Number of protein chains: 2
Amino acid sequence: MNFTTSEENYIKCIYHLQQETGLVNTNALAGEMRTRPASVTDMLKKLKAKKLLQYERYKGFTLNEAGKKAALGVIRKHRLWEYFLAEVLKFDWDKVHPIAEELEHISNDELIQRLDKFLGNPSFDPHGDPIPDKNGKIPVRNQLVLSDVPVKKTVTVSAVSNQTVQMLEMLKHYQIALGTPLQVLQKFAFDGSLEIKVAKQAPCIISEQVAKNVFVHYEL
Amino acid sequence: MNFTTSEENYIKCIYHLQQETGLVNTNALAGEMRTRPASVTDMLKKLKAKKLLQYERYKGFTLNEAGKKAALGVIRKHRLWEYFLAEVLKFDWDKVHPIAEELEHISNDELIQRLDKFLGNPSFDPHGDPIPDKNGKIPVRNQLVLSDVPVKKTVTVSAVSNQTVQMLEMLKHYQIALGTPLQVLQKFAFDGSLEIKVAKQAPCIISEQVAKNVFVHYEL
DNA sequence: ATATTTTTTTAGCTTTGTCTAAATTTTAAT
DNA sequence: ATTAAAATTTAGACAAAGCTAAAAAAATAT
């Protein structure tokens, strides 16, 4: 099945919303898509006609299996391009998203297959989000928030949820990047701050606020 | 100035046509764009309104300076992506064009600047066509057809005009690729065939028909 | 249980890029 | 110099994707 750019954007957006809320409603989708509820209704009819979602008027909607598969295809393309932009072209993490939004709509299976191979079949994009494989299978990772990591445990940075310039500036100062190994040495109950060892550097202290925005993972 | 995908396609196409014919006419453009003359007229009005071409009804048209600059921008993107697809993702030459047709419309200056740098600021694409620089300057190359190369001269393969599967098969057999050094040893007047030395291999003979489709260049 | 508010849909309009068919202009031919 | 042919443009439609304003349905509150 072939989709327009607009259809792909809706499908992807519905997918993300239904991950959170199950049934998706018109207003929420309109908000997320930065469009009007009336436009959403129009598109829902098209997507229903293409048998990508279960939808009855006034009742909310969800992607069916075909819809989810289509969504994962788009997400796969998006995240592979993000990986390419960050790792190959050396863009900052916070710049890759809008460009990947455009690249993701280029439809050529061999292109994606070759890009994937060239990048070394990555499992996670530069934001730490999983890259579905060609069959739509999503890799899993034992991911948790740094503030929840038990003392002494060694983990690896896998994602950062707050990607403001301010946050990136802090992380740069601490020399924390994706893939950086960390060990939690001590937790201070007073303000929730953590003493951590970043890679092989001297221990340092980070605030709870920062720790809550850093995602880490561990093997097995 | 910002252009739609369709505008960019027209601009690029007009540019190529006016390289050959000077003044471009509606039917020729419609043929090249695989659309109808009426559609061309519609677009010409839009492009004229955007001050990209000189056009008066029934009189033919040409891109003005702004139009040429826009065209060269699209051509630059197209050829950089072709280079990427062939050299980095290892696509065959004859597969890259349609994909580059899609990629060329992604508009992000930093993307193109970084792609260019990553590729090593190439001057020619995998078809041997020059890649305009960011200012629209087109590199030149002392290019000629292999059949016109004087005896004993050493040259480098820069392009192949006939890119059918049959031709590529022949070239593969002779181990001739872009960048391959060649020396013309002898020309046979009887049928115009050439004895050439390909790289460091033993001399071989190619037909005039093949030689007429292989472009080569030399330094200085 | 009814009234009010919120959500969703419908109806009708806009823009972009395309089309067909008809009209017009230019070019070529007798 | 007309007439025939070819090229070009206009006029009017259509599909995609969006919008506004109004209607309809569902949810909520009294």
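Chain letters run A, B, ... following the sequence lines, proteins first, then strands; residues in each count from 1. Since the model is a prediction, treat every value here as computed from it, not as a measurement.
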Run Asp116(B) and Arg76(B) through side chain to side chain contact (heavy atoms under 4.5 Å, CB included) and show every step you take.
CA-CA 10 Å; Asp116(B) 187 28; Arg76(B) 170 171 164 76; 3.1 Å; yes

What string of B, S and - do you get for nucleotides 22-27 of chain D 5' to 3' if you count protein non-hydrogen atoms under 4.0 Å?
--BSS-

Under 3.5 Å: donor-acceptor pair, side chain of Asp92(B), backbone of Asp94(B):
no

Would you please name every residue forming a side chain to side chain contact (heavy atoms under 4.5 Å, CB included) with Val74(B), sequence neighbours left out?
Glu8(B), Lys12(B), Glu104(B)

Using only atom types and a distance under 3.5 Å, with no angle test, would you say the side chain of Lys187(A) pairs donor to acceptor with the backbone of Ser147(A)?
yes

Taking C-beta and beyond as the side chain, do Glu87(B) and Pro122(B) meet within less than 4.5 Å on heavy atoms?
no

Looking at every strand, decide which applies to Tyr55(B) at a 4.0 Å heavy-atom threshold: base, sugar-phosphate, or nothing.
sugar-phosphate

Range-with-range stems for DNA chain D, at least three Watson-Crick or G-U pairs under 3.5 Å
C:1-30 with D:1-30

Less than 6.0 Å separating the ring centroids of Phe91(A) and Phe84(A)?
no

Here the distance between atom C1' of dA7(D) and atom CD of Glu32(B), to the nearest Å, is 18 Å

Should Lys212(B) and Asp148(B) count as an ion pair when the cut-off is N to O under 4.0 Å?
no

Ring pair (Phe, Tyr, Trp, His ring centres under 6.0 Å) against Tyr83(A), all qualifying residues, sequence neighbours excluded
none

Does anything in residues 58-69 of chain A pair up under side chain to side chain donor-acceptor pair (under 3.5 Å), and if so which pairs, sequence neighbours excluded?
Glu65(A)-Lys68(A)

Could you list the donor-acceptor pairs under 3.5 angstrom formed between side-chain atoms of residues 128-135 of chain B and any protein atom two or more places apart in sequence or on another chain?
from	atom 1	to	atom 2	distance (Å)
Asp133(B)	OD1	Asn135(B)	N	2.8
Asp133(B)	OD1	Gly136(B)	N	3.0
Asp133(B)	OD1	Lys137(B)	N	2.9

Nucleotide range of DNA chain C contacted by chain A, 5' to 3', under 4.0 Å to a heavy atom?
dT7(C) to dT10(C)

Where along residues 40-49 of chain A does a heavy atom come under 4.0 Å from DNA chain D, residue by residue in number order?
Asp42(A), Lys46(A)

Report yes if the side chains of Leu146(B) and Val184(B) come closer than 4.5 Å at any heavy-atom pair, otherwise no.
yes

I need the residues from residues 6-31 of chain A with at least one non-hydrogen atom less than 4.0 Å from DNA chain D; give them sorted by number, or say none.
Ser6(A), Tyr10(A)

All N/O donor-acceptor pairs, side-chain side in residues 19-42 of chain A, below 3.5 Å, sequence neighbours left out:
from	atom 1	to	atom 2	distance (Å)
Thr21(A)	OG1	Leu17(A)	O	3.0
Thr21(A)	OG1	Leu23(A)	O	3.1
Thr41(A)	OG1	Pro37(A)	O	3.2

Tell me the ring pair (Phe, Tyr, Trp, His ring centres under 6.0 Å) pairs involving residues 99-130 of chain B, sequence neighbours left out?
none

With a 3.5 Å cut-off and sequence neighbours excluded, list the donor-acceptor pairs that the side chains of residues 43-52 of chain B form with protein atoms.
from	atom 1	to	atom 2	distance (Å)
Lys48(B)	NZ	Tyr55(B)	O	3.0
Lys50(B)	NZ	Asn2(B)	O	3.2
Lys50(B)	NZ	Glu7(B)	OE1	3.1
Lys50(B)	NZ	Glu7(B)	OE2	3.3

Separation of Ile106(A) CD1 from Ile112(A) CD1 (nearest 0.5 Å)
8.0 Å

